[in-house]
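Just the heavy atoms: all of them, side chains too, but no hydrogens, waters or symmetry mates, feed the values below. Nothing here was measured: the structure is a model prediction, and the numbers come from that model. Both counts, for ligands and for their atoms, begin at 1 and track the order of listing. Throughout, residue positions are numbered sequentially from 1 according to the sequence presented.
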Amino acid sequence: MISRKMTEMTKNSSAIRAMFEEGKKMAAQYGEKNVYDFSLGNPNVPAPAQVKEAIEAIIREEDPLMVHGYMSNSGYEDVREAVAASLNSRFATNFTGENILMTVGAAGGLNVIFKTLLNPGEEVLVFAPYFGEYRAYVSNYDGVLKEVPADTETFQPNLKAFETLLGPNTKAVIVNSPNNPTGVVYSEQTILALAEILNRKQEEFGSSIYLVSDEPYRELAYDGVEVPYLTKYYKNTIVGYSYSKSLSLPGERIGYLVIPDEADDSAAIINAANVANRILGYVNAPSLFQRVIARCLDAKADVAYYDRNRRTLYEGLKQCGFSCIRPQGAFYLFVKSPLEDEKAFCELAKKYHLLLVPGSSFACPGYVRLAYCISYETIVRSLPEFARLAKECGQI
Ligand code: PLP
């Protein structure tokens, strides 16, 4: 008999994954070219050439006993120093290797930080719409996830509602910008206002409220938009970064946490996060890929490829009469469902071999998410199907 908790988790298992599995079945039935799978955020741009070159150079040049061996649970010192130096040069921060903990992707980093911070029953606030896996990451440590309802005008955090939901039991707040599922980048103005509220509430409650900035899409920003570096705006910020999307390495499971010295109880958090990384069973982030990213800190994702997809899909959907916010980052489009029940709309879309994810998976019903990290050709071929779908829904 499996545990009660896992029984629940299994029941609510990801709608995104379910759609992805369905896509594979449909591709077998109708042919891959005739299925338009917008379900999964799996980068379709290959990792930059530097990644392959780095792997080859490491195998050639570095001591295999070192490359494949155990190291400190936080990661290799030289890699952490290199990551800190790169952040300092990009964002004028003051980190050292001590502030960096190498993690098993963003998911591993978030689990480490929530294990480190949460007592059972403590609350974590999150702005809808949000990446549904946060529910599990918080529940893993018996925290309580509280959703701040979406501001569907702008999809910036709804700060009015946020302020009313903060309480003495709030331990952390998650932000994710560029955002999955909307593609919205939180503006500097939003971040300044968020920091002001958090500082005021910390004082009022005499507590520390940690802002956990989940940033796997930091490098995927378009139109020259700036993505503010949050440790500079609020001292109790902890950053979770990942190379899954920026270097197209989701299967390699590599990322890091930044725990700044300025954060309350920083030394204790760094120490506990190091232990959490070990006792969660990760032990340490994958060793080869720690060494790879230290050599690839200046490598760039092919943002132009995603940008062309973004513009083509956005313009194409607008022409069909769909309404959606113009995304400035990540590789997602969040579209208003023309049917009140967006799950029914996703079902209808399947008739045209279009696989979309219902907004309720992101705590924002009435919308659907499209991941456009697929081939440009697929996007172009999908547009007539969207036009047919729109017609059936009375859009055009
Ligand atoms: N956070 C967000 C917002 C994501 O979209 C994802 C993956 O899609 C993750 C975290 C997990 O990323 P990783 O593969 O680095 O664990």
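Using a 4.0 Å cut-off to heavy atoms of Ala107, the atoms of ligand 1 that qualify are 13 (P), 16 (O). Shown in contact with Ser244 at under 4.0 Å from a heavy atom are these atoms of ligand 1, numbered in order with element: 13 (P), 14 (O), 15 (O). Near Pro216, meaning under 4.0 Å from one of its heavy atoms, ligand 1 places the atoms 1 (N), 2 (C), 10 (C). Using a 4.0 Å cut-off to heavy atoms of Arg253, the atoms of ligand 1 that qualify are 13 (P), 14 (O), 16 (O). Here is the list of ligand 1 atoms found below 4.0 Å of a heavy atom in Asp214: 1 (N), 2 (C), 3 (C), 10 (C). Distances below 4.0 Å separate heavy atoms of Tyr134 from the following atoms of ligand 1: 3 (C). Each of the atoms 3 (C) of ligand 1 lies under 4.0 Å from some heavy atom of Asn176. Listed by number with element, the atoms of ligand 1 under 4.0 angstrom from any heavy atom of Lys245 are 7 (C), 8 (O).
For the pair Arg291 and Tyr76, the cation sits on the ring face: its NZ or CZ lies under 6.0 Å from the ring centre, inside 45° of the axis. The side-chain tip of Arg218 does not point at the ring of Tyr241 from less than 6.0 angstrom away and within 45° of straight on. Both cation-pi conditions hold for Lys336 and Tyr367: the charged atom is under 6.0 angstrom from the six-membered ring centre and inside a 45 degree cone around its axis.
Outside the 6.0 Å centre-distance limit, the rings of Tyr372 and Phe38 are not counted as a close aromatic pair. Phe322 and Tyr314 have their aromatic ring centers separated by at least 6.0 angstrom. In summary, the aromatic rings of Tyr305 and Tyr376 are positioned with their centroids too far apart to meet the 6.0 Å limit. For Tyr130 and Phe362, the ring centers sit 6.0 Å or farther from each other.
Atom 12 (O) of ligand 1 has as its closest protein heavy atom Ala106 CB, 3.6 Å. Among protein heavy atoms, the minimum distance from atom 15 (O) of ligand 1 is reached at Ser242 OG, 2.6 Å. Of the protein's non-hydrogen atoms, Phe131 CE2, 3.5 Å is the one closest to atom 9 (C) of ligand 1.
Shown here is Glu61, whose CD atom has more than 12 heavy atoms of other residues, nucleotides or ligands within 6.0 Å.
Note that the CD atom of Glu392 and the OH atom of Tyr352 stand 3.5 Å from one another [nearest 0.5 Å].
Residue contact annotation: Gly255 has no non-hydrogen atom under 4.0 Å from ligand 1. Residue contact check for ligand 1: Tyr130 places no non-hydrogen atom closer than 4.0 Å to it.
Remark: ligand 1 and Tyr217 share an N or O pair separated by less than 3.5 Å (distance only, no angle test). Where the criterion is an N or O separation shorter than 3.5 Å, residue side chain and backbone included, Leu110 fails it with respect to ligand 1.
The aromatic rings of Phe331 and Tyr217 sit perpendicular, their planes meeting at an angle over 60°, well past the 30° parallel limit.
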